[in-house]
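Read the structure below first, then the notes.
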2 protein chains.
Amino acid sequence: MSGYKIGELAERTRTTASTIRYYEQIGLLRRPDRQEGNQRRYGEDDVARLTFIRRGRAFGFSIEQVRTLASLVQDRSRSCMEARDIAQAHLADVRAKLRELKALEKSIAVFVAACDSECAGGPGPDCVILDDLSVSGPADRSGCCKAPSA
Amino acid sequence: MSGYKIGELAERTRTTASTIRYYEQIGLLRRPDRQEGNQRRYGEDDVARLTFIRRGRAFGFSIEQVRTLASLVQDRSRSCMEARDIAQAHLADVRAKLRELKALEKSIAVFVAACDSECAGGPGPDCVILDDLSVSGPADRSGCCKAPSA
DNA sequence: CTTACAAGTTGAAGCCACTTGAGGTTCAAG
DNA sequence: CTTGAACCTCAAGTGGCTTCAACTTGTAAG
């Protein structure tokens with residue numbers, strides 16, 4: 001009678017029933033009580049734990065990192081500074097990815113802009129932009145979609 | 001006698017022999033000629049194609065996107081604008097990820113800073129920061145590592 | 001020539017974090 | 001009572017490789 005069904009828990013934590021069953025399978029969530037008809041029933045503590053887990057995942061922590069963080073929540077005596085260390089290590093990763101992604105965005109934007117400006121006249125048969133991806137040196141975009149001179 | 005061995009090709013394109021065999025298996029790279037002893041031998045065109053592929057992957061394009069881009073290189077008659085479209089769609093994805101990642105970085109930085117400033121006195125048994133991850137509302141960090149008042 | 005060892009070969013399995021599918025049971029509304 | 005949504009289990013699929021096991025080939029030193 002009481003408690004949330006798996007779909008309700010999923011809705012409350014913005015995830016899916018499948019994911020919840022998966023977390024149970026890998027031991028990240030406890031096995032809940034079952035109703036008469038064998039359906040899982042969850043309580044408020046499950047909502048809290050799963051919210052914690054999803055929050056951590058949304059923060060980009062791996063399942064194992066989340067597992068550690070969650071265990072720190074249980075064992076309060078040594079939690080805060082350890083959590084800080086995990087988070088800080090993760091922050092370094094995130095910042096590295098951020099730098100990479102910024103460089104990537106710039107490169108692609110340049111690529112698109114080159115296509116727009118230099119190939120705007122129509123699809124030439126000698127577009128050099130794609131060639132740039134095949135060679136190792138810095139790009140030389142002069143001559144993209146060049147007139148059939150050669 | 002002539003041509004690169006798989007390890008040499010790997011080195012030149014900054015990848016691994018395993019990855020090269022994998023690309024061959026999924027049909028992204030052609031099956032190369034074999035030497036007497038059954039070892040693969042590659043030429044300059046293979047270096048160029050694999051460089052293209054790795055470049056595209058480093059740009060965050062999926063294998064299938066790279067496959068399409070590579071086929072556009074072959075069929076020059078309609079390449080440039082199609083490549084532009086793929087790149088532009090991808091650019092939108094990258095920018096979305098970039099926004100997400102920026103928000104993420106800020107969140108974690110705030111988390112770490114809160115740990116530093118509010119838990120600096122030592123690991124209190126009632127740290128509230130970890131609780132923040134378990135509830136759905138906005139964080140209230142007053143009382144982190146609070147004195148054993150209650 | 002032998003010995004050793006690096007680098008190559010194959011096919012299959014493992015990784016992460018889920019998602020999807022098949023095939024069945026249970027629940028709640030009309 | 002019937003319908004259809006939501007639940008159940010177990011297995012396999014996803015992407016993009018990496019790793020493993022067990023073997024063969026190539027190469028340099030002694």
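Chain identifiers are assigned alphabetically (A, B, ...) following the order of the sequence lines, protein sequences preceding nucleic acid strands; residue numbering begins at 1 within each chain. Predicted, not measured: the structure shown is a model, and the values here were computed from it.
- Note: OH (Y4(A)) to C1' (dC7(D)) measures 19 Å, nearest angstrom.
- In 5' to 3' order, the nucleotides of DNA chain C bounding all contacts with chain A (an atom under 4.0 Å from a heavy atom) are dA17(C) to dC27(C).
- Contact annotation: the side chain of I63(A) approaches that of R67(A) to within less than 4.5 Å [non-hydrogen atoms, C-beta and beyond].
- With R49(B) contributing its side chain and L28(B) its backbone, the two residues share a donor-acceptor pair below 3.5 Å.
- Other residues, nucleotides and ligands contribute over 12 non-hydrogen atoms within 6.0 Å of the CZ atom of R34(A).
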In residues 17-25 of chain A, what donor-acceptor pairs under 3.5 Å come from side-chain atoms, sequence neighbours left out?
| residue | atom | partner | partner atom | Å |
| --- | --- | --- | --- | --- |
| T19(A) | OG1 | T16(A) | OG1 | 3.0 |
| Y23(A) | OH | R54(A) | NH1 | 2.7 |
| E24(A) | OE1 | R40(A) | NE | 2.8 |

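- Every residue meeting the side chain to side chain contact (heavy atoms under 4.5 Å, CB included) condition with E44(A), not counting sequence neighbours, appears here in chain and number order: Y4(A), V47(A).
- Heavy-atom nearest nucleotides on DNA chain D were determined for R21(A) and for E64(B), and the one closer to the 5' end corresponds to R21(A).
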Distances for protein N/O vs nucleotides 19-26 of chain D N/O pairs under 3.5 angstrom?
| residue | atom | partner | partner atom | Å |
| --- | --- | --- | --- | --- |
| dG26(D) | OP1 | G37(B) | N | 3.4 |

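- Between K102(A) and E105(A) there is no salt bridge, since none of the side-chain N atoms of the basic residue sits less than 4.0 Å from a carboxylate O of the acidic one.
- In this model, the phosphate group of dC7(D) is not approached by any side-chain N or O of R40(A) to a distance below 4.0 Å at OP1 or OP2.
- In this structure, the side chain to side chain contact (heavy atoms under 4.5 Å, CB included) partners of K5(B), at least two apart in sequence or on a different chain, are E8(B), Q39(B), R41(B).
- For dG16(D), the OP1/OP2 oxygens have no side-chain nitrogen or oxygen of Y23(B) closer than 4.0 Å.
- Computed from coordinates, the Y22(A) OH to dA12(D) P distance equals 17 Å when rounded to whole Å.
- Contact check, T19(B) against dT18(D): a side-chain N or O comes under 4.0 Å of OP1 or OP2.
- Residue R67(B) is out of contact with every strand shown, counting any heavy-atom pair closer than 4.0 Å.
- Following rounding to the nearest Å, L9(A) (CG) and dC7(D) (C1') show an atom-to-atom distance of 14 Å.
- A distance of 9.5 Å separates CD1 in I6(B) from OG1 in T15(B), rounded to the nearest 0.5 Å.
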Can you list, pair by pair, the side-chain donor-acceptor contacts under 3.5 Å of residues 85-92 of chain B, counting residues two or more places apart and other chains?
| residue | atom | partner | partner atom | Å |
| --- | --- | --- | --- | --- |
| Q88(B) | OE1 | R84(B) | NH2 | 3.1 |
| H90(B) | NE2 | F59(B) | O | 2.8 |
| H90(B) | NE2 | G60(B) | O | 3.4 |

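- Here the nucleotide nearest the side chain of R57(B), chosen from dC8(D), dT18(D), dG16(D), is dG16(D).
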